[in-house]
Amino acid sequence: MRRFCLLLPLAATLSACIDIPQASQASKRQSVQRSTSFASARPEVRQCLADLSATRANFTPLPDQYYGAGCSTLNTVKLSSLRSDNASLGIANLGPVTCPLANSFAGWARYGVDRAARQILGSQIVRIETFGSYNCRNVAGTSRRSAHATGNAIDVSGFVLADGRHISVLGDWSSGTDAERRFLRVVQDSACKRFGTVLGPNYNAAHRDHFHLEFSTSNFCR
Ligand SMILES: [Zn+2]
């Protein structure tokens, strides 16, 4: 894998680092096409991508796609890694996410999760585990499209620490040590300050094993 850093002519401050597999020429061409659409994107989209780049996240802007039936991925990115205060943060199992959601996620990972882990658990975070993001489906038990159907929500299932510990929502929300249980509540509370909708184990049984983090204009935290 080779790191490719791009400085775009239409926005002098806008740069992005994109990981390109060296073996694949087709992949290189695809990245150039994506970069072209990146440069010609609307100003608010370019600003969002610039903000995300400033967090030192590694990501690839994805082409807009409509899948029908109310499902689409517009203004989305594929996140490869995020940045904490002093290290790279891996992300497991994450698909396309909208750029504003990616920005909230990057801030939460650094300030809400990693700093809480160091304070409460005495070790920094090396990876955030998820159940994914985009998924063309309804909110369970309704006929309403889920925020996952537009890549506007991430389901976070656990955290891996530098000392090797694995903290999971399912295993540690109720059964972890005092510190682990406190850590999970603190990271949910800090998520509520950054995402419009946050659902966790206290909300219902469907969320017993993950935090649902959704970019929305509501203020719903359970
Ligand atoms: Zn969810």
Side-chain angles (χ1 to χ4, degrees), residues 48 52 57 59 62 64-82 89-114 116-117 125 127-160 166-176 180-181 183-222:
C48 183
L52 185 58
F59 64 94
L62 300 173
D64 289 349
Q65 293 205 46
Y66 292 90
Y67 302 96
C71 296
S72 61
T73 46
L74 308 180
N75 184 22
T76 59
V77 299
K78 171 72 176 166
L79 283 172
S80 313
S81 66
L82 301 173
L89 289 177
I91 315 159
N93 200 33
L94 191 63
V97 295
T98 59
C99 183
L101 176 64
N103 264 316
S104 295
F105 192 59
W108 176 70
R110 177 172 180 175
Y111 301 109
V113 178
D114 182 63
I125 295 282
R127 190 167 75 248
I128 297 177
E129 299 188 319
T130 83
F131 289 151
S133 48
Y134 174 76
N135 188 346
C136 185
R137 64 172 171 81
N138 291 346
V139 175
T142 76
S143 57
R144 189 163 49 89
R145 277 294 187 223
S146 163
H148 288 288
T150 50
N152 242 328
I154 299 172
D155 290 338
V156 171
S157 57
F159 308 90
V160 178
H166 176 241
I167 313 293
S168 75
V169 178
L170 179 64
D172 298 309
W173 179 264
S174 300
S175 305
E180 289 163 351
R181 294 169 63 233
F183 166 74
L184 288 172
R185 282 153 181 80
V186 166
V187 299
Q188 180 175 11
D189 286 349
S190 60
C192 293
K193 295 173 187 156
R194 294 178 180 271
F195 302 89
T197 303
V198 176
L199 308 174
N202 284 346
Y203 181 57
N204 63 16
H207 294 83
R208 70 190 180 284
D209 58 358
H210 68 275
F211 298 128
H212 170 91
L213 311 178
E214 175 180 336
F215 189 85
S216 75
T217 53
S218 54
N219 187 11
F220 192 82
C221 175
R222 299 289 163 85

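Note that ligands are numbered from 1 as they come in the structure, with each ligand's atoms numbered from 1 the same way. Note that this is a predicted model, so its numbers are computed, not measured. All values below were derived from every heavy atom in this structure, side-chain atoms included, with hydrogens, water molecules and symmetry-related copies excluded.
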> Looking only at heavy atoms, which two atoms of R181 and G176 are closest? And how far apart?
CD-O, 3.2 Å
> Not counting sequence neighbours, list each pair that qualifies as a salt bridge (charged side-chain N to carboxylate O under 4.0 Å, His left out) and has a residue in residues 93-114.
D85-R110, D114-R118
> What residue among H148, R145, R144 forms side chain to side chain donor-acceptor pair (under 3.5 Å) with N138?
R145
> For residues 90-109, which side-chain N or O atoms pair as donor and acceptor with protein atoms under 3.5 Å away, sequence neighbours left out?
unit_1 : atom_1 : unit_2 : atom_2 : d
N93    : ND2    : T130   : O      : 3.1
T98    : OG1    : N152   : OD1    : 2.8
N103   : OD1    : L52    : N      : 3.2
N103   : ND2    : C48    : O      : 3.1
S104   : OG     : P100   : O      : 3.4
S104   : OG     : R194   : O      : 3.4
W108   : NE1    : V187   : O      : 2.9
W108   : NE1    : S190   : OG     : 3.4

> Looking at residues at least two apart in the chain, or sitting in another chain, which of them share a side-chain contact (heavy atoms from CB on, under 4.5 Å) with D172?
I167, S168, E180, L184
> Taking the six-membered ring for Trp, are the ring centroids of F211 and F195 within less than 6.0 Å of each other?
no
> So how many protein N, O or S atoms does the Zn ion (ligand 1) have within less than 2.8 Å?
3
